[in-house]
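This report concerns only the one structure given below.
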Amino acid sequence: MRPRKKPNLVPRLNRCAPVIIPFPEDTSQIPALKGQIRSAFPNPDAPLHLEIGCGKGQFICELAARNPDINFLAIEREKNVAVVAAEHAMKRDIKNVRFLLCDADFLPQFIEKGELAQIYINFCDPWHKKRQFKRRLTYRVRLLMYQTLLADDGELWFKTDNYNLFHFSVYEFQEAMPPYFITRDLHSSEYAQDNIVTEYEAYFSGLGQPIYSIRAKKAAASNG
Ligand code: SAH
């Protein structure tokens with residue numbers, strides 16, 4: 001379901017200009033962003049982490065506030081939602097987070113190979129009909145694409161409340177990027193303590209649903 005169109009969306013986005021990286025409307029201009037993402041941060045040399053589908057930004061803003069020496073790029077294709085995330089970052093005056101309002105499929109056009117130290121995907125759309133599997137953000141072709149953007153030893157962390165998406169994703173990860181950690185109950189796992197809860201996570205775990213999670217690391221390229 002599409003969120004209701006927010007009133008004053010354009011002026012609100014304009015007020016968030018300090019934390020939003022402009023995304024070209026003319027798609028032929030997207031490659032010009034390559035190598036420019038880092039310079040949008042006060043400390044361009046810090047490691048770069050990416051969240052795909054940040055929603056209202058609770059997770060990425062808290063993560064950025066806790067880790068001032070890392071740059072966090074969040075992409076979100078829904079402007080009505082992304083504006084809430086950008087306002088959150090502005091309100092807390094978080095310096096090391098930037099938002100890009102675009103679809104994940106554009107990533108290879110503006111992120112350099114090996115540029116990312118970490119990727120987070122939280123509660124992405126399950127696309128529950130079988131024939132829709134190619135749209136899922138954990139579809140193996142996308143996992144392979146994310147992997148090219150990760151540096152050696154870079155990690156991909158995934159969380160969901162949706163059992164079918166989890167089950168599908170375990171299979172996809174095993175094919176494309178073998179996981180080192182799989183759980184059917186993140187909140188009771190060894191990673192529970194440092195886990196930063198997203199908006200969807202708070203909602204679904206409040207309903208008593210377990211949170212599933214998968215973590216994988218990109219293997220260092222072998223020389224031989
Ligand atoms: N991560 C947030 C929001 C989850 S809802 C949370 O856990 O609370 C999934 C979000 O991903 C939505 O806001 C949706 O607009 C965004 N999204 C889905 N597919 C996307 C894509 N291909 N590219 C960018 N954003 C996407």
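Just so you know, ligand 1 is whichever comes first in the structure, and atom 1 is the first atom listed for that ligand.
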Show me the donor-acceptor pairs, under 3.5 Å and distance only, between side chains in residues 64-74 and residues at least two apart or in other chains.
unit_1	atom_1	unit_2	atom_2	d
Arg66	NE	Glu62	OE2	2.9
Asn67	ND2	Leu63	O	2.8
Asn71	ND2	Asn43	O	2.8

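Sorted by chain and number, the residues within 4.0 Å of ligand 1 by heavy atom are Glu51, Gly53, Cys54, Gly55, Glu76, Arg77, Glu78, Cys102, Asp103, Ala104, Asn122, Phe123, Asp125, Leu137, Thr198, Glu199, Tyr200.
Every residue two or more places apart in sequence or in another chain that forms a side chain to side chain contact (heavy atoms under 4.5 Å, CB included) with Glu155 is listed here: Gln118, Trp157, Tyr180, Lys217. With sequence neighbours excluded, the residues forming a salt bridge (Lys or Arg N to Asp or Glu O under 4.0 Å) with Asp93 are Lys95, listed by chain and number.
Atoms SG and CZ, on Cys61 and Arg92 in that order, are 6.5 Å from each other to the nearest 0.5 Å.
A donor-acceptor contact closer than 3.5 angstrom is absent between the side chains of Asn162 and Thr160.
Under the 6.0 Å distance and 45° angle rule, Arg215 counts as a cation-pi partner of Tyr191.
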